[in-house]
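Below, chains carry the letters A, B, ... as their sequence lines are ordered, and counting in each starts from 1.
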There are 2 protein chains.
Amino acid sequence: MLKISKKADYALMALQHIAAVQFGDVTPGRVVNTKEIAEEYNIPLELLAKVLQTLAKNALIESHNGPKGGYALARRAHQITIAQILESIEGPLGITDCSHEKDGEFCMQRENCHIRTPLLKIQDSIAQLLNNMTLQDMMGGTPLITIQSPAAQGVER
Amino acid sequence: MLKISKKADYALMALQHIAAVQFGDVTPGRVVNTKEIAEEYNIPLELLAKVLQTLAKNALIESHNGPKGGYALARRAHQITIAQILESIEGPLGITDCSHEKDGEFCMQRENCHIRTPLLKIQDSIAQLLNNMTLQDMMGGTPLITIQSPAAQGVER
DNA sequence: CTTTATCCGACCTTATTGATCGGAGATCAT
DNA sequence: ATGATCTCCGATCAATAAGGTCGGATAAAG
């Protein structure tokens with residue numbers, strides 16, 4: 001339950017990668033193209049392309065057209081929140097269907113609904129969580145499995 | 001994004017209702033049957049039935065068979081967490097696909113994945129949130145719109 | 001033993017997600 | 001300028017999950 005989509009996953013990986021390339025890790029300042037990311041993480045190229053286009057449209061990254069082109073962060077990593085990334089791909093946060101009902105719209109259950117208010121509180125808490133965490137906070141991480149040595153079997157976790 | 005399913009919604013409404021009936025609000029101690037809940041909240045009867053069966057199977061409520069039968073809470077409202085309810089319907093909490101990978105299972109991206117650890121932290125925070133909130137905390141709520149008077153148009157919220 | 005209600009599993013329909021394809025437009029190197 | 005490369009954009013398709021339905025089996029109250 002409460003799973004985020006693969007697209008959102010890909011978006012996070014891509015942004016993490018771009019941020020890593022731009023600041024220090026590898027050839028700083030370089031722009032990153034779609035294919036490089038797709039190959040690095042085994043993501044379907046065309047699907048990743050769409051994800052990156054969406055992120056560009058939402059001004060999280062900037063696209064540079066033509067050969068030697070690619071993507072770069074639109075602002076620094078600590079100014080990009082996880083909430084912004086996820087909402088950019090999956091739309092606004094909404095625990096329940098009636099989260100964003102405009103005035104006059106009601107779901108079929110609204111009339112007697114006693115659970116809307118507490119659910120909105122939960123939603124607010126999650127929103128706060130995702131807004132307080134930035135791309136920067138995801139950086140500096142080491143890969144989870146560095147080398148899959150056969151001898152290491154059973155020592156997992 | 002991060003929306004819970006309608007079934008989960010229905011489960012919360014139903015449990016809230018059963019709890020309200022059992023403790024004080026209306027004819028205390030009475031069991032509640034499916035049809036009563038379905039009509040009260042405009043929920044499709046058969047679908048709600050399935051939801052309640054699932055909740056019974058997961059020992060959140062007890063089913064009483066036969067005429068005058070129905071459902072009752074298996075324990076008191078403050079001992080039923082929101083997490084238990086949601087997981088009962090939607091399966092275990094998992095922000096990402098790789099949340100519950102057993103040893104030896106890896107998603108295609110795992111090899112270079114830098115985002116798994118931070119995502120699991122977010123997941124833990126949400127789990128904590130949902131585990132610390134109980135059905136009891138959802139009680140005592142007043143309906144959001146008591147009577148939809150035509151004169152009240154525009155005074156919404 | 002009939003009525004009422006839960007129980008259980010199979011089924012269908014629709015919406016969302018994941019993934020693919022084909023071309024248009026921009027940019028750089030030559 | 002011209003071609004190669006790359007982003008951009010829309011349409012499309014398949015797989016999966018969600019929402020909802022149906023029919024019969026089972027158990028208890030009257």
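- Between the NZ atom of B:K35 and the P atom of C:dT4 there is a distance of 9 Å, given to the nearest Å.
- For residues 120-132 of chain A, the set of pairs meeting the side-chain hydrogen bond (donor to acceptor under 3.5 Å, both in side chains) definition, not counting sequence neighbours, comprises A:S99-A:Q123.
- The interatomic distance linking B:K68 (NZ) with D:dA28 (C1') rounds to 13 Å, in whole Å.
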Checklist entry - Which parts of nucleotides 18-26 of chain C does protein reach within less than 4.0 Å, heavy atoms only, written one letter per nucleotide 5' to 3' as B for base, S for sugar-phosphate only and - for none? => result SBBB---BS
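- Between B:Q53 and B:K3, the residue anchored nearer the 5' end of DNA chain C, judged by the nucleotide with its closest heavy atom, is B:Q53.
- Qualifying side-chain contact (heavy atoms from CB on, under 4.5 Å) partners for A:P44, counting only residues two or more places apart in sequence or in other chains: A:Y10, A:L47.
- Atom-to-atom, CD1 of B:I18 to C1' of C:dT6 comes out at 13 Å; the value is rounded to the nearest Å.
- One can place CD1 of B:I43 at 12 Å from P of D:dG19, the figure rounded to the nearest angstrom.
- For the pair A:E36 CD and D:dC6 P, the interatomic distance rounds to 12 Å; values are reported in whole Å.
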Checklist entry - Are B:D9 and A:I115 close enough, and set up right, to give a side chain to side chain contact (heavy atoms under 4.5 Å, CB included), and what steps lead you there? => result CA-CA 9 Å; B:D9 250 334; A:I115 65 170; 3.8 Å; yes
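- Atom CE in A:M1 sits about 17 Å away from atom P in D:dA17, given to the nearest Å.
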Side chains of residues 48-62 of chain B: which donor-acceptor pairs under 3.5 Å do they make with residues two or more places apart or in other chains?
{"residue": "B:T54", "atom": "OG1", "partner": "B:K50", "partner atom": "O", "Å": "2.9"}
{"residue": "B:N58", "atom": "OD1", "partner": "B:S88", "partner atom": "OG", "Å": "3.4"}

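- Following rounding to the nearest Å, A:L52 (CG) and D:dC6 (C1') show an atom-to-atom distance of 13 Å.
- Here salt bridge (Lys or Arg N to Asp or Glu O under 4.0 Å) pairs that include residues 74-99 of chain A, with residues two or more places apart or in two chains, are A:D97-B:K3, A:D97-B:K6.
- In this entry the distance linking CG of B:L48 with C1' of C:dT6 reads 12 Å, nearest Å.
- Remark: B:E40 engages A:N112, B:H17 in a side-chain contact (heavy atoms from CB on, under 4.5 Å) (not counting sequence neighbours).
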